[in-house]
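Below is one structure, written out as C-alpha cells; comments come after it.
When reading the values below, keep in mind they use all heavy atoms of this one structure, side chains included, and skip hydrogens, waters and symmetry mates.
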Amino acid sequence: MAAEAGAEDRAAARPLLTDLYQATMALGYWRAGRARDAAEFELYFRRCPFGGAFALAAGLRDCLRFLRAFRLRDEDVRFLASVLPPDTDPAFFEHLRTLDCSGVTVQALPEGSLAFPGVSGPLLLVQLLETPLLCLVSYASLVATNAARLRLIAGPGKRLLEFGLRRAQGPDGGLTASTYSYLGGFDGSSNTLAGQLRGVPVAGTLAHSFVTSFSGSEVPPDPTLAPAAGAGPRVDLAAGAAAWLGRVCAHLGLRAQDPHPGERAAFVAYALAFPRAFQGLLDSYSVQRSGLPNFLAVALALGELGYRAVGVRLDSGDLLQQAREVRGVFRSAAARFQVPWLELLPIAVSNNVDEEELARLSQEGSEVDVIGIGTGLVTCPRQPSLGCVYKLVSVGGQARMKLTEDPEKQTLPGSKAAFRLLDSEGFLLLDMLQLAEEPPPQAERELKVWPLGARDPRTVRPARVEPLLRRWLSEGQLCEPLPSLAESRAFAQWSLSRLRPAHKRLQSPAPYQVALSEQLRALVDSLSAGGPV
C-alpha cells in the first residue's frame, strides 16, 4: 500500500502549476505586511454545465493530496526569482521556502455530492493555491457530471466503459477523465494507469490492428489447448475452428472461403491467449460475411473444450441495427448447434458515441449490452469548461464582496455554512447558504429564503435538513479518512437518486435552486449599498 500511495502522490500537482499573477500578488501581500492575514476563499461555479440542472462535486482527493504535499522546492524558488523583478527583496524568497499548508483549512462537499468548497488560511498562501485548486476541481467535476448524464441516459442496465485516453487533453487530463468518469457512474476504463493509481476497474480486449496483422498463413508455436476442466488431451484449436467454420457457413448461407482467413487466425491466436475471456471484434472486414462466422467458429471450438466466449464488439456502421442482426444470428446458431449460452453473449459497441447515439442504443428492445465512450466523454464537447471561480469572501474575520456591473459576477460575502433542504418524499428542495454564525435551519419549521436571481423571498418548510460542508483539512491535517473512489461513486449515484425527475433531464427548464438566508441576504444588500460590514 505504501508503494501505491507514493506512486499516486507523485502524480499530484506541483506548486508552480499556477498563473504568474498569483506569485506577483504574493509579493504584493508580503511587501504590504499582510502575508499572514487570515483569509477565506470560496471555490464554486456559477451555472450547471451542459444546460442541465445539476453538477457532481469532484476533485477533492486531488486537492487534498496537493495541499498535503505543498512545498516550494529550491528550484521552484529560483525560477520565481528569475521571472520577478531583479530588485525583489531576497527575504521574500526565503519566506516562500518556509511555506506549507499547515495553516490551511478546507471545508467541502464530499466527492460525489450534487454540487461549494471553502479554503481558509494565510492570505498569501491561499492566494497561491487559487489556480491549482481550480485546475484540480473544474475538469474533475465537469467530467464526473458528463459521465453522470450519460449514465442517466443509458439507465442502470447497460455497462458503460470509458475509452477516452487517446482523445484526452494530455496525460493528466486522461488520468482525471478515467478517474472521475468512474465516480460519475461508468463501470470501468481502458486506462491501466487509472487502475494502478486510483483503483478504477480496467477493461480491454483487441483492436483492428491485431486482426489485420494476420494473413492466415501464421502457425502458432503451440496451437493446442487443454480442456477447461483440466482433464483430457490437448486439442488443436485452429483445426477445431476450421472444422466448425464449414458448419457455420452452411448455416449462414455463406461459402467456406468467404470469411477472411487472417481474421480467423487472429481470433484463434487471441483465444489461445485468453481462452476464458475470448471476445471477437467483428467489423475489421465484413460483420456478416467474415467477422461473425469466424467468431462463431472459434467460439464453438472453444465451447467443445468447456470454455465460453465473453462477447463481441462492433466499432462502425449502424451500431443499433448491427447489434440486432448479430443477436439474431446468435439465437439461430444457439438453436441450430444446441449451445444455449451463445444466445446471451454480450454485444459491446463503440464509435464516437454521444448523448443522442447513447439514447438510441439504450432504447427499449436494444440488443446492446456494453457501450464504450471516448471522445464524447473526456472532451466534454457540449461544454469544455465548467467555469469554476475562486473568490475572496473574508479577510481578518471581515466580510469581503466583489461588486461589478455584471450581477452574475458579484460574490457572496462572509464565512458561510450550507444546508440541503429536503421534502417529505426525500427529494431535494433547495440548498441554503447562510453566515457561519447563524443558527442552523430546523426540520418542520418555516424558513424565509431568497433564491439566487429572484427578487422576492420564498417560504419553505423542509421535512429534513442536512449540513453540506464537512471539514476535511484543519491546519494542514486530515480530519477524517477520505472515502475510496468506489465509495464516492456509490455516493454519487445515491445523490442523483434524490433529484426530482425534472432535474435529471438533459436540458432542464428548472435549475436546482440555491437560496440565501435572511441574514446573509441583509449583508449582501448592505455591502452592495456601500454600508458597513
Side-chain angles (χ1 to χ4, degrees), residues 150 153-155 157-167 186-190 203-214 248-249 251-252 254 258-260 262-271 274 277-300 302 308-334 341-377:
L150 294 168
I153 296 170
K158 304 297 183 188
R159 189 164 182 245
L160 297 181
L161 299 176
E162 179 267 315
F163 285 175
L165 181 57
R166 65 189 62 196
R167 303 282 190 254
F186 272 54
D187 296 290
S189 170
S190 64
T205 52
L206 68 163
H208 293 293
S209 55
F210 183 86
V211 175
T212 58
S213 73
F214 286 80
V248 168
C249 286
H251 172 66
L252 298 178
L254 300 171
D258 287 342
H260 196 290
E263 183 179 51
R264 186 167 64 259
F267 287 172
V268 168
Y270 197 81
F274 300 97
F278 171 56
Q279 184 183 54
L281 178 59
L282 301 186
D283 60 324
S284 296
Y285 300 107
S286 166
V287 173
Q288 294 293 336
R289 298 182 64 82
S290 185
L292 255 178
N294 276 328
F295 168 78
L296 288 171
V298 177
L300 290 167
L302 277 174
R308 289 189 181 179
V310 298
V312 296
R313 181 162 70 94
L314 300 163
D315 191 47
S316 59
D318 186 333
L319 300 174
L320 183 66
Q321 180 60 31
Q322 287 193 88
R324 287 173 180 155
E325 294 169 355
V326 169
R327 182 70 70 200
V329 171
F330 283 171
R331 289 183 178 126
S332 67
W341 54 266
L342 186 60
E343 182 177 349
L344 301 176
L345 279 181
I347 299 174
V349 299
S350 56
N351 187 28
N352 291 323
V353 175
D354 56 16
E355 288 186 352
E356 288 75 17
E357 178 66 2
L358 179 60
R360 186 168 169 266
L361 295 171
S362 303
Q363 65 187 253
E364 186 176 353
S366 168
E367 297 292 353
V368 173
D369 303 291
V370 184
I371 304 166
I373 306 179
T375 306
L377 174 58

Could you check whether D187 pairs with R159 (Lys NZ or Arg NE/NH1/NH2 to Asp/Glu carboxylate O, under 4.0 Å)? no
In the structure I gave you, are the side-chain heavy atoms of L160 and L358 within less than 4.5 Å of one another anywhere? yes
Counting C-beta onward and ignoring hydrogens, is there a side-chain heavy-atom pair between V211 and F267 closer than 4.5 Å? yes
Is any side-chain heavy atom of D283 less than 4.5 Å from a side-chain heavy atom of H208? yes
Students often mix this up, so state it plainly: with edges at 30° and 60°, are the rings of F210 and Y270 parallel, tilted or perpendicular? perpendicular
Is P293 close to L254 at the side-chain level, that is, under 4.5 Å between some pair of heavy atoms? yes
Considering only heavy atoms from C-beta outward, does the side chain of L150 approach that of E355 to under 4.5 Å? yes
Taking the side chain as every heavy atom from C-beta outward, state whether L319 and V368 have any atom pair closer than 4.5 Å. no
Would you kindly say whether E263 and S290 are connected by a side-chain donor-acceptor distance under 3.5 Å? yes
How long is the span from the CG atom in L361 to the CG atom in D318, to the nearest 0.5 Å? 8.5 Å
What closest approach, in Å, do H251 and S332 show between heavy atoms, and which atom pair accounts for it? NE2-OG, 3.1 Å
For L345, does its backbone N or O pair with a side-chain atom of R327 as donor and acceptor, under 3.5 Å? yes
Min side-chain heavy-atom separation V310-F274 under 4.5 Å: no
If we only count heavy atoms from C-beta on, is the H260 to T212 side-chain gap below 4.5 Å? no
Does Q322 reach the main-chain N or O of S316 with its side chain, forming a donor-acceptor pair under 3.5 Å? yes
Would you say the side-chain atoms of R313 pair up with the backbone N or O of L206, donor to acceptor, closer than 3.5 Å? yes
